[in-house]
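What follows is a structure written as C-alpha cells; I'll ask about it next.
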There are 2 protein chains.
Amino acid sequence: MATEPGAGSGSRRPSLKDVAARAGVSRASASRVLGGYGYSSQDVVDRVMAAVRELGYEPDRVARTMRSGKSGVIGFVCADISDAFFSGAMRGICDVALREGAQVIVMNTDDKPGQERDATRVLLSHKVDGVIITPVSVREPAHIDAITGAGVPVVSLDRQLSDIGIDSVVADNEAATERAIHHLIGLGHRRIAFLGSVQREEPPVLRVGKVRANVVGPSRPSLDRARGYLRALTAAGLPVERELIAFAPHDAPDGRLEAVAGVLAAEPRPSALFTADSYMTRSAFSLLSERGIAIPGEMSLIGFDDLEWTTLVRPRISVVVQSAYDMGRAAADQLFAQIARPDATGTDATGTGAGRGDRTVVPTRFIERESAGAAP
Amino acid sequence: MATEPGAGSGSRRPSLKDVAARAGVSRASASRVLGGYGYSSQDVVDRVMAAVRELGYEPDRVARTMRSGKSGVIGFVCADISDAFFSGAMRGICDVALREGAQVIVMNTDDKPGQERDATRVLLSHKVDGVIITPVSVREPAHIDAITGAGVPVVSLDRQLSDIGIDSVVADNEAATERAIHHLIGLGHRRIAFLGSVQREEPPVLRVGKVRANVVGPSRPSLDRARGYLRALTAAGLPVERELIAFAPHDAPDGRLEAVAGVLAAEPRPSALFTADSYMTRSAFSLLSERGIAIPGEMSLIGFDDLEWTTLVRPRISVVVQSAYDMGRAAADQLFAQIARPDATGTDATGTGAGRGDRTVVPTRFIERESAGAAP
DNA sequence: CCCCAATCTGAGATCGATCTCACATTGGAG
DNA sequence: CTCCAATGTGAGATCGATCTCAGATTGGGG
C-alpha cells in the first residue's frame, strides 16, 4: 500500500541520503542496516527500515557499480538475436541471470569483426561482470583477449576458440553427426552428401580423407559436424568424395540452393543428404520439394537443428536436436561460476585471469521421423 | 596499431585522471578536450589526444551515467525473448539503439505481472533512458506509471494501454483482419471461424455482435483482430455465430487444439478458418493435417503472422504478415524521439512527463498463397 | 572504582567523469 | 599605458552507495 512514494511527492528517486535523513541517522548507519554489516542498534534498524518503506527506497545500481566495480550486468554478443538459435540461447542466459540477480545486455555482430570489437569495447565500458560470446573468428581472439585482459570472465558459446584459456559451451557436434551418418549407413546408404555453412571470411580448410580428431583447438559447428561425417564414412570404410561435400555462406540463400543443386548433380546421385544446420535443411527441403524428388523414396534427409516446421511438413524431418536454451543456460552457469570463483587473478601478466578453458559439451538427441528411409 | 594498451601494462582501465597525468594537464582540461566544450589551447589538445591514444583510454560509462543521469541504455520488457515475434522486434530495437549509440537490456516476464513489476524496478535502478514494453495487462498500468513517474520515457509495443499518455506501436490488426476476412467472403465463404489467443488472467470480454471501433483505449492484438473479424462479417451482412469464435490460452497447446476442434465440430462445419496468431495457425494446420481435411478443398485457412514454415508446407499458407522487426524499429524510433524531446517535464504532478500517447500503426501485408480457395 | 572490550555512530574518502567557478593570462582597443 | 574582453587553466564539488576509521558510549570483570 504505502510502498510507493506517491506520484506527486518529491522530484527524483529517493537516495540513501534521504532515507538516512528521514530516519534521523547518518548515511553510514543507514548503509550498515541495509548492507547488514557492522553494528546497529535495534532502534536504528527499525527507523531505517521504516524510512525505506515509506520512501520506497531502492538502491541505485549505477552508484553501486561505481563503488564496487561489479555491475550485475553481463553481455551477450551474438551474430543476430532474431536468429532462433541465439534467441533460444538468450532465454537460457536470461533465466540463469535472473536466478543470479543479474541483467543481460545484447549486442549483435552480424558476424562482422568490427562490430564484435565495438561490442566488447562498449560492454567493457559498462563494467559488465562477464561476457558470453559467439566469436566471429575462432582464430583471432584479439577482442576476447581484451576482455579477459580487463579481468572480465568470458564464455564462448557454440564456437570454441583456439586460445585454451577460454571456457566454451558447444553441442556434441562431431559425435552427433557421426551417429546420424551411421544411421544412414545402417539404412543402406552408400553415397551420402554433406551440406554445411561457413562464414565468408573463413573458408573451411577441410582436409578430405584426414579426420582431425583433436578436441582442443578452434572449432566451429559446421566443421565439427563435417568431421563427424568423415569419421562415420571412414569407420564404415566408405570413400569420401569431394563432390558430395559442399559449403555455402551462411547468409546467402542462393548460395545454399546452389550448393544443394551441386551435390544433387553428382554422378551417381547421392541417396541421402545430411544438412548441417537449419538453413541448409530448409534450402534442401525446398529444392527437393520444388524438383519433386520424393523423400525418403528417392532421397533421404537428416538435418541438424529442430525447428517447428520439421514436424509440420510431410514427411516430417528426422533431425539431430540441439537445445539452444540448454546451451545458453550452460554458458551462463559457466560464466557465473567464473564470476564467483575467488581465484580471479585479474590482470596480472602471467595468466589471462579468468577461465580455465573448460569445455562443456551439451548433449544432442537424434529424433527419428520419416525423412530417412532405406536406400533404394 | 598502438591503440591497445598492451596486455601486460597497468592493472586497471585507464581513467581520465591517468590521461590527464600523462598529458601533464588537469582532469578538467582533459575533460574539456574530450568533451569539446570550453577553451583549450592547441598544445593541450594535442597532448591529451596523444595520451588517450597511448593509453587506449575509453570513458567509463558508469561514471558518466552517475554524473549525467543518462545511461545510454534502454530496457526491453517482453514476455519471452525466444519467441520469434519478440526476438524479431528485439533486432529492430537493437539496430536503432546502435544508431543512437545506446545498448539494450532485455527482461522476460512470461506474461506474469510480478515479473513485469520486478523488471521495471530493476531497469529503473539501472537508470535506463527509456523502456519498450509489451505490458502484461493493458488495464492496470501501475508499473508503467512507476516508470513515467520517474520521468523515464516508455513505449508500449504490440499492445496499447488504456492510459492515453503512453506512446504505442501496434500493427493494423483490425483493418488487416477485416481485409483478410473480406477476402474469404469474396471467395464465397459464409461460415468463417475465428481462432485467437488470450492470456489466462484476462478473459476476452468480447461483445458478440457489437463492434467496438473506438481507437483509443486498451487493446490487445487478438481482440483487435477479433474486432476486424466482426466488422467484416457485419459489413457483409453475415451473422456472427458464437460457436465459430474460440479463444485459447496463449501458453497451452492442448487448449489451442481443443479450440480448433471446437469450431470444426460446429454444425454445419465452417468452410474457412482465420487464425489470429502464429500459434493458432500452427495448431490449426496440425489438426487439419492430422484429420486429413483438405486445404483449401474442404477448408480454407488464413493465418496472422508469417513464419518460414508457411512456405514449406503444402499448400503454402496465405497469411497476414506483420514485421516484428519493423515494429521493433518503430518502437525504438518513438522511444528515442521521446528521449530527445526537450519537453521532458519530468515528474511534475500535472502530466506524466514523457509521451503524448502517440499511436504508431505499422502496416501489414496480405500474402495470398494457396491455402484459401473458393467455398465448396 | 578503573579499565578494556564490545558495541554503536558519523565524518569523510572513494569510485570516474563532468561541470562550475575562480583565477590567470593574453590581446587589442581606447 | 590602461582596461576589458577573450581565452585558457585547474581546484573542487557533484552524482549515490559503501567502507574505513576515529571517536563515543556502554557494560562487565578485576
Side-chain angles (χ1 to χ4, degrees), chain A residues 10-48 51-52 55-72 122 124-129 150-151 346, chain B residues 10-48 51-52 55-73 101 122 124-129 150-151 346:
Chain A
S11 52
R12 64 185 206 306
R13 288 167 61 86
S15 71
L16 189 65
K17 201 164 129 189
D18 302 321
V19 171
R22 181 161 191 122
V25 299
S26 69
R27 280 155 39 236
S29 292
S31 187
R32 262 192 304 266
V33 171
L34 274 330
Y37 64 98
Y39 294 105
S40 312
S41 65
Q42 190 56 49
D43 181 47
V44 167
V45 171
D46 294 342
R47 292 222 304 280
V48 169
V52 165
L55 264 44
Y57 168 76
E58 189 126 8
D60 182 324
R61 284 167 196 258
V62 176
R64 195 175 263 180
T65 301
M66 180 78 146
R67 167 83 213 196
S68 68
K70 296 290 157 198
S71 61
V122 168
L124 245 30
S125 83
H126 272 298
K127 290 230 154 42
V128 291
D129 296 342
Chain B
S11 53
R12 63 186 207 305
R13 288 166 61 86
S15 72
L16 188 65
K17 202 165 128 190
D18 302 320
V19 171
R22 181 162 191 121
V25 299
S26 69
R27 280 156 38 238
S29 292
S31 187
R32 262 191 304 266
V33 171
L34 275 329
Y37 65 98
Y39 294 104
S40 312
S41 64
Q42 191 56 47
D43 181 47
V44 167
V45 171
D46 294 342
R47 291 222 305 281
V48 169
V52 164
L55 264 44
Y57 168 75
E58 188 127 8
D60 182 324
R61 283 167 196 259
V62 177
R64 195 174 264 180
T65 301
M66 180 79 149
R67 166 83 213 199
S68 68
K70 296 290 158 197
S71 61
V73 176
V122 168
L124 245 31
S125 82
H126 273 297
K127 290 228 155 40
V128 290
D129 296 342

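Model, not experiment: these values are computed from the prediction.
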Requested in this report: Tell me, with the steps shown, if A:Lys127 and B:Asp60 meet side-chain contact (heavy atoms from CB on, under 4.5 Å).
Outcome: CA-CA 8 Å; A:Lys127 290 230 154 42; B:Asp60 182 324; 2.3 Å; yes
Query raised in the report: Taking OP1 and OP2 of C:dT20, is either one under 4.0 Å from a side-chain nitrogen or oxygen of B:Tyr37?
Result: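 Looking at the OP1 and OP2 atoms of C:dT20, neither is under 4.0 Å from any side-chain N or O of B:Tyr37.
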Query - A:Asp43 with A:Arg47: basic N within carboxylate O range, under 4.0 Å - result: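 Salt bridge between A:Asp43 and A:Arg47, a charged N being under 4.0 Å from a carboxylate O: yes.
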Query raised in the report: Any idea which of D:dT18, C:dG16, D:dG16 is nearest the B:Ala63 side chain?
Result: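 Of D:dT18, C:dG16, D:dG16, C:dG16 is nearest to the side chain of B:Ala63.
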**Report entry** Net bend of the helix from C:dC1-D:dG30 to C:dG30-D:dC1, end axes of five pairs each, nearest 10 degrees
**Finding:**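 The end-segment axes of the helix from C:dC1-D:dG30 to C:dG30-D:dC1 are tilted 70° relative to each other.
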Requested in this report: Under 4.0 Å between any heavy atoms, over every strand shown, what does B:Ser15 touch: base, sugar-phosphate, or nothing? Just pick one.
Outcome: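 The answer is sugar-phosphate, as B:Ser15 gets under 4.0 Å only of primed atoms, P, OP1 or OP2.
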Query - Spacing of B:Asp18 atom CG relative to C:dA17 atom C1', expressed in whole Å - result: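 In whole Å, C:dA17 C1' and B:Asp18 CG are 13 Å from each other.
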Requested in this report: Using a cut-off of strictly less than 4.0 Å, decide whether A:Arg64 has a side-chain nitrogen or oxygen near OP1 or OP2 of D:dG16.
Outcome: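 Answer no for this pair, as no side-chain N or O of A:Arg64 is under 4.0 Å from OP1 or OP2.
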**Report entry** Atom-pair distance (CZ on A:Arg13; P on D:dC15), nearest Å
**Finding:**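 Nearest whole value for this atom pair: 15 Å.
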Query raised in the report: How about B:Arg32 and B:Tyr37: do any of their side-chain heavy atoms sit closer than 4.5 Å?
Result: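 SC-SC contact between B:Arg32 and B:Tyr37 confirmed.
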Query raised in the report: Is it true that a side-chain atom of B:Ser29 and a backbone atom of B:Val25 form a donor plus acceptor pair closer than 3.5 Å?
Result: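 Such a contact is absent between B:Ser29 side chain and B:Val25 backbone.
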Polar atoms only, N or O, under 3.5 Å: list the protein pairs with nucleotides 9-11 of chain D and their distances.
residue : atom : partner : partner atom : Å
D:dT9   : OP1  : B:Ser41 : OG           : 2.9
D:dT9   : OP2  : B:Ser41 : N            : 2.9
D:dT9   : OP2  : B:Ser41 : OG           : 3.1
D:dG10  : OP2  : B:Ser26 : N            : 3.1
D:dG10  : OP2  : B:Ser26 : OG           : 3.2
D:dG10  : OP2  : B:Ser29 : OG           : 2.6
D:dG10  : N7   : B:Arg32 : NH2          : 3.2
D:dG10  : O6   : B:Arg32 : NH1          : 3.1

Query raised in the report: Separation of B:Leu34 atom CG from C:dT18 atom C1', in whole Å?
Result: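 Going from B:Leu34 (CG) to C:dT18 (C1'), I get 11 Å.
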Report task. Please report, rounded to the nearest Å, how far the P atom of C:dT18 is from the NZ atom of B:Lys17. Result ->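 From B:Lys17 NZ to C:dT18 P: 16 Å.
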Query - Interface with DNA chain C, restricted to residues 66-73 of chain B and to heavy atoms under 4.0 Å - result: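 Output list: B:Met66, B:Arg67.
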